[in-house]
Amino acid sequence: DTAVSQTPKYLVTQMGNDKSIKCEQNLGHDTMYWYKQDSKKFLKIMFSYNNKELIINETVPNRFSPKSPDKAHLNLHINSLELGDSAVYFCASSSWNGYAEAFFGQGTRLTVV
Amino acid sequence: GQQLNQSPQSMFIQEGEDVSMNCTSSSIFNTWLWYKQDPGEGPVLLIALYKAGELTSNGRLTAQFGITRKDSFLNISASIPSDVGIYFCAGRSEGSSNTGKLIFGQGTTLQVKP
């Protein structure tokens, strides 16, 4: 069973469209994250949720809206997609016990054309 | 914002050689993690370090938490072709203890020639 799974794996869409990426974890973790990996492979945190509550919002444009219906799911909705949004988006999860071991999904490669 | 300096940026080595890479920070970290990312996949946790001076091994991999709490290194001994990939250090600063936020290094791309 996949621990952190996100869908879709690939997403190609036109500028201006709205799209969503879904993430689910079966590790029993109560904290979930979205990270963005750019073309130079640099990984940067975007959002963090703990028990459905937003903990971190790293000055991400408000076109990006995360939603956590329960602590096992964290979805990312992006409005009015721009060329610069093209990247690989990773979902991750960790427990909330003072340790920061994050487990990552396989990524969603978003290409905006 | 906070940054981790990871070096080297890339390495091209012969199978069987040992590899060393490191990360440094301008601020104190209380957790260091090392990840490996294969093409088309997400980062996979290799080693986690929680105490200054801690030395931890995972098979042929050994990592250490620097005593200044501002650096960490990863060694891979007797490299094999499947070691190819991008290695990332990641750290959590004391100021982020209640958020779980990780700061990542720029990555070290490792290529191994059979």
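Values in this document were obtained by computation on a predicted structure and should not be read as measured data. To find a chain, count down the sequence lines: A is the first, B the second, and so on, and within it residues start at 1.
Evaluated for a side chain to side chain contact (heavy atoms under 4.5 Å, CB included) with B:Thr108, the options B:Ser7, B:Ser20, B:Pro8 yield exactly one hit, B:Pro8. With A:Leu11 as reference, A:Leu110 is the one residue of A:Asn17, A:Val112, A:Leu110 to meet the side chain to side chain contact (heavy atoms under 4.5 Å, CB included) rule.
With a 4.5 Å cut-off on non-hydrogen atoms, A:Lys44 does not touch chain B at all. A:Ile56 touches chain B through its side chain: at least one heavy atom from C-beta onward sits under 4.5 Å away, while N, CA, C and O do not. Of the atoms belonging to A:Glu58, it is side-chain heavy atoms, and not backbone ones, that fall under 4.5 Å from chain B.
Between chain A and the options B:Gly107, B:Pro43, B:Gly105, B:Gly91, heavy-atom pairs under 4.5 Å are most frequent for B:Pro43. The candidate from A:Lys40, A:Gln6, A:Gln37, A:Lys9 with the greatest count of non-hydrogen atom pairs under 4.5 Å with chain B is A:Gln37.
Ring centers of A:Tyr35 and B:Phe104: under 6.0 Å apart, within the cut-off.
Counting non-hydrogen atoms of other residues, nucleotides and ligands closer than 6.0 Å to CD1 of B:Ile67 gives a total of 12 or fewer.
Taken together through direct or relayed side-chain contacts under 4.5 Å among Ile, Leu, Val, Met, Phe, Trp and Tyr, A:Leu54 and A:Ile78 form part of one hydrophobic cluster.
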